[in-house]
Amino acid sequence: MKLDILVFAAHPDDAELACSGTIAAHIAAGYKCGIVDLTKGEMGTRGTPQLRMEEADKSSKILSIHVRENLGFADIKFLNDWEHQVKVIKMIRKYRPEIVLANAIKDRHPDHAKGAELVQQAFFKSGLNKIHTNINGVAQESYRPKNLYHYIQNDYIEPSFIVDISDYWDKKIDSIKAFDSQFILRENDEQETFISAPGFLDFIDARAKEFGHRIGVKYGEGFTMSTTPGVKDMFSLL
Ligand SMILES: [Zn+2]
């Protein structure tokens, strides 16, 4: 299946936290969108890999995404090396998206910047026809998507552009709450973490309002890009 947007995320829930409003907005506009999680988030303090896979599945249904895969890389330990790049290249060539979204270029969790660099390398190398890959023995054609954008997650980064997600705010929150092992703290539960602490969802709300305010809408999600955005029609900007 060819996708319009392919989202890579170091952990199941990164996409929901940082860009699920954008995913929902583009799916509503008729685009096909998929998520490839790099790891199962098995080093997370709370929940189990199995539970997080079930939660990812629940969230995928809420967002109506077309495909979700997990590459099973080792959480925390995966490297931005050739072996891992080839696995990402295979996903890009399999789904041939126009736009790739990847983790934030710097963030609190070290896997995020590492995931960002890994996808950046694979994004370029996927277009080189002397790099041969195959899936189940079937050779893949080289393919380089048009654009790579990085979603902004925990640490504040000045965005290159902001997407209006006001109409998809409830869907974003529902998709985040699908990961209730991570975000909902129950009595006598496992230990509280940074993301299960009361106030974390307030932070998500505040960040989206801040980005929304910057472009004159209620809620927004911010992205960075390493090139300069170009438009054919100046009126297409908000
Ligand atoms: Zn993460």
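First listed ligand is number 1; within each ligand, the first listed atom is number 1.
No salt bridge links D57 with R68; every basic N to acidic carboxylate O contact stays at or beyond 4.0 Å. Between K114 and D111, at least one side-chain nitrogen of the basic residue sits less than 4.0 Å from a carboxylate oxygen of the acidic one, meeting the salt-bridge criterion.
To the nearest 0.5 Å, the span separating OG on S60 from CD1 on I35 amounts to 5.5 Å.
Here H109 does not reach the Zn ion (ligand 1): none of its N/O/S atoms is less than 2.8 Å from the metal. For a distance bound of 2.8 Å, the N, O or S atoms of D14 include one lying that close to the Zn ion (ligand 1).
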### Task
Apply side-chain hydrogen bond (donor to acceptor under 3.5 Å, both in side chains) to the pair D205 and Y219, showing each step before the final yes or no.
CA-CA 8 Å; D205 183 86; Y219 291 108; 3.2 Å; yes

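When the N, O or S atoms of H11 are ranked by distance to the Zn ion (ligand 1), ND1 comes first.
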